[in-house]
Trainee: 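My questions will all concern the structure given below.
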Amino acid sequence: MSCSQWTTDEVRSLCLEQGFARAAVAPADPTVRRKELEAWIRDGHHGTMGWMAEHLPVRADPGQLVDGARSIICVLDRYADGTPDVIEGGWGRIARYARGRDYHVVMKSRLHAVCDQLRERAPEHVFRACVDTAPLLEREVAARAGLGSIGKHTLLIEPGLGSWLLIGAIVTTLELDATGPVDEEDPCGTCTRCIDACPTDAITPWSVDARRCISALTIEHREPIDESFHAAMGDWIFGCDICQEACPHNEPTARTRDLLRHESHAAPVAPGIGGRSDDGSAFRLQSVLTWDEDTRRAAFAGSSMKRAKLAMMLRNALIAAGNFLRDHEDPDLLGAIRALSGDEIPSMVRDTARSVLVTLEID
Ligand code: B12
Ligand code: SF4
Ligand code: SF4
């Protein structure tokens, strides 16, 4: 079929009508960084995310994800404006991307709406919507489409928008004119702010060691967190934004505050439930430490936070509570930690509680 069924401009318009901040098209070519991808896995930098080591040839080549793929339509949602958080002591912080409605669901349903429209004029073509979970190097594809460039912290930075962006893609057999740059821009120059700010030294330029990254430790890692990371985790109980907060491309200005943020990211999910703050940025640690499965479900309904199981949230909140109690007195919070250290408590939670108590008594 001819490539004129849809033009790139028409496809971009369809995406923008769905409220995406940016849309562009990349060719569905194999990665130019296969060696780096393979080395990251070989060196174990994916940590306990075993799924990252699976389907490596597919991740390296979108043509294996969708047979006969020619183009990748790439979109961005802007989820935050980087306004500094004001988190009270005794509260556990949530990364900004996870404060609104589950982006996997919200972005995918809007991408599916685009796919449906595209199929009307190109019914013989394949359109596969991907948000995060498909084996696709989304940041590289977005950069190749011209939507920005990758910083030393490995995230996509759009000049003017910064990196508070989520990426979605439609891999398709439709041939569209690519919009991307000839040469990759370096957004960093001599800057090393994200590397210096990372509290666990997880970043080397253009690579993140997930075994050390607070985001992976709190959201992906289903085992006890090594004590050597506890202090560095500070008040983060789900994800981490420190490398992005440090980045000069994300400095909030009057202009960036007014830029498009999709409504699904603007309002917090379930404020007040399970001890959540009204602005959705944090949970009261005392509350989290008394959660049961029903409370977790209610607090995470419609949110991407449901990836963290109850035991993981208790573990994360225990570590944050221990960090708070290093410098503050709070007998109720200490009591909540003690209550989770009994023999009857499941091992990951109990062992974390005991290790936090030992640290507090030693300090
Ligand atoms: C696994 C994963 C993680 C892991 C590993 C992170 C990582 N850096 O790979 C963990 C759990 C740690 C994580 C954390 C976060 N993640 Co994440 N994650 C992913 C996922 C599912 C796969 C990423 C991947 O393929 N990693 C593999 C490694 C090898 O990738 P890489 O290191 O970038 O490898 C490339 C570089 O090495 C590069 N390279 C090597 N040398 C050089 C040199 C130069 C000059 C350049 C430019 C590149 C380069 O080539 C390699 C191949 O492309 C993607 C979704 C997706 N399907 O793409 C989301 C994704 C990357 N995550 C996202 C987000 C939002 C986050 C967090 C901000 C969440 C949070 N606040 O807690 C943090 C940020 C931490 C960080 N600094 O990376 C967004 C990023 C959006 C953006 N603006 O870029 C994505 C794209 C999800 C989405 N759909 O929007 N994530
Ligand atoms: S998300 Fe946090 S821990 Fe992970 S690389 Fe960035 S600053 Fe480091
Ligand atoms: S903080 Fe500096 S080095 Fe890190 S991504 Fe931003 S510009 Fe690049």
Side-chain angles (χ1 to χ4, degrees), residues 30-43 45-49 51-53 56 59-60 65 74-80 93-99 103-104 107-108 130-144 147-159 161-169 184-221 229 232-234 236 238-251 304 307:
T31 176
V32 291
R33 297 216 158 83
R34 191 180 180 123
K35 271 197 202 128
E36 287 89 340
L37 172 64
E38 284 172 354
W40 193 74
I41 300 289
R42 192 190 54 235
D43 296 343
H45 287 184
H46 57 302
T48 47
M49 295 181 291
W51 46 270
M52 271 302 298
L56 215 57
R59 200 174 287 276
L65 186 63
C74 210
V75 295
L76 302 179
D77 246 10
R78 184 166 183 265
Y79 62 88
R93 225 173 141 186
I94 301 158
R96 289 172 176 79
Y97 85 95
R99 294 177 188 175
Y103 73 99
H104 302 92
M107 290 180 74
K108 235 184 191 171
C130 308
V131 179
D132 193 46
T133 50
L136 180 70
L137 292 167
E138 290 176 341
R139 291 162 295 177
E140 189 178 308
V141 170
R144 212 189 291 156
L147 289 175
S149 37
I150 296 171
K152 285 178 188 163
H153 54 18
T154 75
L155 299 169
L156 181 84
I157 299 170
E158 209 273 9
L161 281 185
S163 68
W164 304 113
L165 301 165
L166 292 162
I167 304 171
E184 210 166 347
E185 295 274 327
D186 170 9
C188 301
T190 56
C191 176
T192 57
R193 282 204 218 171
C194 54
I195 297 170
D196 304 337
C198 176
T200 53
D201 294 330
I203 309 176
T204 48
W206 288 285
S207 189
V208 166
D209 185 345
R211 292 171 302 186
R212 307 187 66 84
C213 175
I214 295 167
S215 179
L217 291 170
T218 52
I219 305 172
E220 301 291 340
H221 191 65
F229 295 121
M233 288 167 62
W236 294 100
F238 189 94
C240 168
D241 282 338
I242 293 174
C243 48
Q244 296 194 84
E245 288 170 344
C247 181
H249 290 279
N250 281 343
E251 252 156 49
S304 58
R307 185 154 184 82

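Note that the structure is a prediction, hence the values are computed from the model and not measured. Just so you know, ligand 1 is whichever comes first in the structure, and atom 1 is the first atom listed for that ligand. Just so it is clear, the values below take in all heavy atoms, side chains as well, and ignore hydrogens, waters and symmetry mates.
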Trainee: Minimum heavy-atom separation for S163 to H153, with atom names?
Mentor: OG-NE2, 4.2 Å
Trainee: Tell me how many protein N, O or S atoms are closer than 2.8 Å to atom 2 (Fe) of ligand 3.
Mentor: 1
Trainee: So is L155 polar-close to ligand 1, meaning N/O to N/O under 3.5 Å?
Mentor: no
Trainee: Report the part of H45 (side chain from C-beta onward, or backbone N, CA, C, O) that has a heavy atom under 4.0 Å from ligand 1; answer both or neither where that applies.
Mentor: neither
Trainee: Which residue and non-hydrogen atom of the protein lie closest to atom 2 (Fe) of ligand 2, and at what distance in Å?
Mentor: C240 SG, 2.3 Å
Trainee: May I ask you to decide whether E245 forms a salt bridge with R96, counting only side-chain N to carboxylate O separations under 4.0 Å?
Mentor: yes
Trainee: Which of the atoms in ligand 1, numbered in the order shown and given with their element, are less than 4.0 Å from a heavy-atom of C243?
Mentor: 77 (N)
Trainee: Check whether any N or O atom of L165, backbone or side chain, sits under 3.5 Å from an N or O atom of ligand 1, and answer yes or no.
Mentor: yes
Trainee: Within the 4.0 Å heavy-atom shell around C198, which atoms of ligand 2 are there?
Mentor: 3 (S), 5 (S), 7 (S), 8 (Fe)
Trainee: For ligand 1, which part of A216 has a heavy atom less than 4.0 Å away: the side chain, the backbone, both, or neither?
Mentor: both
Trainee: Answer yes or no: does an N/O atom from T133 fall short of 3.5 Å to an N/O atom of ligand 1?
Mentor: no
Trainee: In terms of residue, atom name and distance, what is the protein heavy atom nearest to atom 20 (C) of ligand 1?
Mentor: D132 OD1, 4.2 Å
Trainee: Between T200 and ligand 2, which residue portion shows a heavy-atom distance shorter than 4.0 Å: side chain, backbone, both, or neither?
Mentor: side chain
Trainee: Short list, please: which atoms of ligand 1 are under 4.0 Å from a heavy atom of L136?
Mentor: 56 (C), 57 (N), 58 (O)
Trainee: For atom 5 (S) of ligand 2, state which one of T218, I203, L155 supplies the nearest heavy atom.
Mentor: I203
Trainee: Under 4.5 Å between any side-chain heavy atoms of F229 and I214, yes or no?
Mentor: no
Trainee: Minimum distance, heavy atoms only, to atom 44 (C) of ligand 1: which one of W40, W164, W206, Y79 is it?
Mentor: W206
Trainee: Any atoms of ligand 1 less than 4.0 Å from a non-hydrogen atom of C240? List them with their elements.
Mentor: 70 (C), 71 (N), 72 (O)
Trainee: Is there a polar contact between ligand 1 and W51, counting only N or O atoms under 3.5 Å apart?
Mentor: no
Trainee: Tell me whether atom 17 (Co) of ligand 1 lies less than 4.0 Å from at least one protein heavy-atom position.
Mentor: no
Trainee: What are the atoms of ligand 2, with element, lying closer than 4.0 Å to any heavy atom of C243?
Mentor: 1 (S), 6 (Fe), 7 (S)
Trainee: Is it the side chain, the backbone, both or neither of H46 that has a heavy atom closer than 4.0 Å to ligand 1?
Mentor: neither
Trainee: Less than 4.0 Å is my threshold; does some heavy atom of R34 fall inside it relative to ligand 1?
Mentor: no
Trainee: List every atom of ligand 1 that sits less than 4.0 Å from any heavy atom of L37, numbering the atoms from 1 in the order shown and giving each element.
Mentor: 29 (C)
